[in-house]
Amino acid sequence: MASICFRVIRSHPFFLYPSALFVRKNGAFFCTMENVQAATTTLKDQQLERTFSHRTQTKLVEKTSQEYETIVGIETHVQLSTLTKAFCSCPYFYGSQPNTHVCPICMGLPGALPGLNSKVIEFAVKVGLALNCSLSMNSKFDRKQYFYPDLPKGYQISQFDVPIASGGFIELDLPIEYGGGHRKFGITRVHMEEDAGKLLHSGTESYSQVDLNRAGVPLLEIVSEPDIRSGVEAAEYAAEMQRLVRYLGVSNGNMQEGSLRCDVNVSVRPIGQSEFGTKVEIKNLNSFSAMNRAIDFEISRQVDLHSQGQADQIIQETRLWEEGSQRTVSMRKKEGLSDYRYFPEPDLPEVILCKEFVDNISASLPELPEMKRRRYEKMGLSMQDVLFLANDKNVADFFDAAVGKSADVKLAANWIMGDIAAYLNNEKLSINEIKLTPQELAELISSIKGGTISGKIGKEILFELISKGGTVKALIKEKDLVQIMDPAEIEKMVDKVLAENPKQLQQYRGGKTKLQGYFAGQVMKESKESPCVSCLPYARRVELWDMVASIAIIGSVLLNFLSKFGGCKSSSSL
């Protein structure tokens, strides 16, 4: 039966898709496509899009806030990290050779019946609860009918009128560089469905290859309310959704792998108008920054059409974001609900949840990003610190573990956000891949605060711990890095330096006060370390803060000894 269908498509492709032609080559099916983009983008659209410059777009976006209101809604598709697909026992591994993880069920062969993976339900309930949704204790699956070359059955198993979760919300904090502030966005629904396959486009040939490895992989589609008002808010919403699924452990959320994909619906309307404008869907958004830029472009395009009295030229369609040209281009006319011809999936039973199942999942939920940010705020951290630490669950767990070992909260945050983050960025590593442990970071901070070592030596020890591991105490002992804390020892070194540099001492007494830096450097060289300021008397410590940072540690002792030699003509300036 399947081979008959493919023969018909091969002979008469216009029955299903006028611009597509299937051919067989070396035993595999290929789909040749005319330039769909060129066929669907009107000449008028092309001419209009070419007129947009960055300056024009910026002006139109500014005009939007004064005369028009932007309405943005996002459909987020989250690929679940289950061991097998949604309705069969095939595994899925990103990057596998094409068509190596397929079976009659996910290929849609006649007579093959689906069997629901229970882990999909568990993950869906987790996400629904985390998004503050109401759960449907009885839900069902439906068939969503549409044709596309990578959809082998000709329909997608999804949920339509009875999703597993609905009516929730998500809260987030905008970064300070975008104005800051707290936002709350509504969640319309969360429903389960299966993924389609993937087309592998050739840059030089006239055909595309079909890889069905991804067909049948479980997805959650999360639909937002139209509460988002800018590209920045949309990008931050998507980033928070990525954080959420990673915290829950239901998906790796990697956009570059297609594990998290966002389709954005954008419309504009004159301020004061209650009806929504015609929405346009944007696809092919593979980063949060691309989402921001695509929305800003689409806003400017629609505002320009409104301003020219051509609002009727805005049609409900799907547009692609072109990263190279930094613009959206028409892809195809958007299907309506009637086009999908939904009806209940006859091969799958209802999904019935029991209270005990839901309660167990609710009790197992981790501390979510929003809860963690609020807790960090109460610990006295700045919003910049809060957003950085809570952004990555592994980083947050490392910080919490260090604080749990009695590390100073602010100092732990500073070390993680500073030297440790810089190392991770340079080496392209995650915090779980380094050999430094939270306990040793706490010990390092304690050793610096207690005066055992200086901050400079602390950095050297830190990088040793990150790359090779070990303990702070062992490294201090092994490298003889204990800081000089005895004032008498410091004074002996100052005496020795002054005795060995009579010429410089005479110049200092003659008024060349800059030589105090020279003497300080010699003392530091003699000690092979920056002596500890905390061991000096209070009066001398007060004097230290008036000196250059690089010589502050030994400055007061040095000046005290220089005064024994009669001071200098400019001593009052010290």
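Worth saying up front: this structure is predicted, and the values here are computed from it rather than measured. By convention here, the first residue in the shown sequence is residue 1.
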Worksheet item: Quick one: does Glu233's side chain get under 4.5 Å of Val72's, heavy atoms only?
Response: no

Worksheet item: Got a second to check how far Asp397's CG is from Leu389's CG, nearest 0.5 Å?
Response: 11.5 Å

Practice prompt. Measure the CG-CG distance between Leu219 and Leu80 for me, rounded to the nearest 0.5 Å.
Written response: 7.0 Å

Worksheet item: CD1/Ile295 to CD1/Ile74 distance, rounded to the nearest 0.5 angstrom?
Response: 5.5 Å

Discussion item. Under a 3.5 Å cutoff, is there a donor and acceptor pairing between the side chains of Thr278 and Gln316?
Written reply: no

Worksheet item: Taking all atoms of both residues into account, what is the closest heavy-atom pair of Pro149 and Val210, and its distance?
Response: O-CG1, 3.8 Å

Fill in: More than 12 heavy atoms of other groups within 6.0 Å of Glu377 CD
yes

Worksheet item: Got Lys372 and Asp400 here, is their nearest side-chain heavy-atom distance under 4.5 Å?
Response: yes

Worksheet item: Salt bridge between Lys140 and Asp161, side-chain N to carboxylate O under 4.0 Å?
Response: yes

Discussion item. What I'd like to find out is whether the side chain of Lys198 reaches to under 4.5 Å of the side chain of Pro98, using heavy atoms alone.
Written reply: no

Worksheet item: Does Asp347 reach the main-chain N or O of Pro114 with its side chain, forming a donor-acceptor pair under 3.5 Å?
Response: no

Worksheet item: Does atom CD of Glu356 have more than 12 heavy-atom neighbours from other groups under 6.0 Å away?
Response: no

Fill in: Asn394 vs Phe398 side-chain heavy atoms within contact, under 4.5 Å
no

Worksheet item: With no hydrogens and no angle check, is any side-chain donor or acceptor of Asn132 less than 3.5 Å from a backbone partner on Phe169?
Response: yes

Worksheet item: Checking Glu367 side chain against Arg375 main chain: does a donor-acceptor pair fall under 3.5 Å?
Response: no

Worksheet item: With a distance cut-off below 6.0 Å to the six-membered ring centre and an angular limit of 45° from the axis, does Lys126 pair with Phe123 as a cation-pi contact?
Response: no

Discussion item. What I want to find out is whether Arg183 reaches Glu240 closely enough, with some N-O distance under 4.0 Å, to be called a salt bridge.
Written reply: no

Fill in: Steps toward side chain to side chain contact (heavy atoms under 4.5 Å, CB included) verdict (His306, Ile314)
CA-CA 9 Å; His306 273 282; Ile314 303 173; 3.8 Å; yes

Fill in: Donor-acceptor pair, side chain of Ser259 and main chain of Gln79, under 3.5 angstrom
no

Item to complete: Take Arg229 and Glu69 through the salt bridge (charged side-chain N to carboxylate O under 4.0 Å, His left out) test and state the conclusion after the steps.
Response: CA-CA 7 Å; Arg229 293 293 177 266; Glu69 182 181 27; 3.2 Å; yes

Discussion item. Check this for me, if you would: do Asp263 and Lys283 make a salt bridge, where the nitrogen-to-carboxylate-oxygen distance has to be below 4.0 angstrom?
Written reply: yes

Worksheet item: Short question: side chain of Ser158, backbone of Glu193 - any donor-acceptor pair under 3.5 Å?
Response: no

Practice prompt. Could you tell me whether the side chain of Arg189 and the main chain of Phe160 form a donor-acceptor pair under 3.5 Å?
Written response: yes

Practice prompt. Flag yes if more than 12 heavy atoms outside Gln97 fall under 6.0 Å of its CD atom; otherwise flag no.
Written response: no

Worksheet entry | Any donor-acceptor N/O pair, Glu433 side chain to Leu429 backbone, under 3.5 Å | no

Item to complete: Using a strict 4.0 Å threshold on nitrogen-to-oxygen distance, state whether Arg374 and Asp173 make a salt bridge.
Response: yes

Worksheet item: Do the non-hydrogen side-chain atoms of Met291 and Val264 ever get within less than 4.5 Å of each other?
Response: yes

Discussion item. Would the distance check show the side chain of Asn265 and the main-chain N or O of Ile71 forming a donor-acceptor pair, the cut-off being under 3.5 Å?
Written reply: no

Practice prompt. Take Asp195 and Arg261 through the salt bridge (charged side-chain N to carboxylate O under 4.0 Å, His left out) test and state the conclusion after the steps.
Written response: CA-CA 11 Å; Asp195 208 344; Arg261 309 192 293 272; 2.9 Å; yes

Worksheet item: To the nearest 0.5 Å, how far apart are CG in Asn138 and CD1 in Ile164?
Response: 10.5 Å

Item to complete: Mark yes when over 12 heavy atoms from residues, nucleotides or ligands other than Phe343 sit less than 6.0 Å from its CZ; otherwise mark no.
Response: yes

Fill in: Under 3.5 Å donor-acceptor, Gln159 side chain and Met192 backbone
yes

Worksheet item: Distance-only, no hydrogens or angles: does the Lys85 side chain make a donor-acceptor pair with backbone N or O of Ala215 under 3.5 Å?
Response: yes

Discussion item. As a quick check of understanding, evaluate salt bridge (charged side-chain N to carboxylate O under 4.0 Å, His left out) for Glu194 and Lys153, giving each step before the final call.
Written reply: CA-CA 12 Å; Glu194 63 177 337; Lys153 293 193 292 285; 2.8 Å; yes

Discussion item. Any heavy-atom pair between the side chains of His201 and Tyr207 that's under 4.5 Å?
Written reply: no

Discussion item. To the nearest 0.5 Å, what is the distance between CE on Met417 and CG on Leu387?
Written reply: 9.0 Å

Worksheet entry | Glu322 bridged to Arg327 by N-O distance under 4.0 Å | yes

Worksheet item: Quick one: does Arg246's side chain get under 4.5 Å of Lys393's, heavy atoms only?
Response: no

Worksheet, complete the sentence: With Thr328 as partner, the option from Glu317, Glu298, Arg293 fulfilling side-chain hydrogen bond (donor to acceptor under 3.5 Å, both in side chains) is Glu298

Discussion item. With heavy-atom distances below 4.5 Å as the criterion, would you say the side chains of Met379 and Tyr376 are in contact?
Written reply: yes

Worksheet item: What is the distance from atom CD1 of Ile228 to atom OG of Ser230, rounded to the nearest 0.5 Å?
Response: 8.5 Å

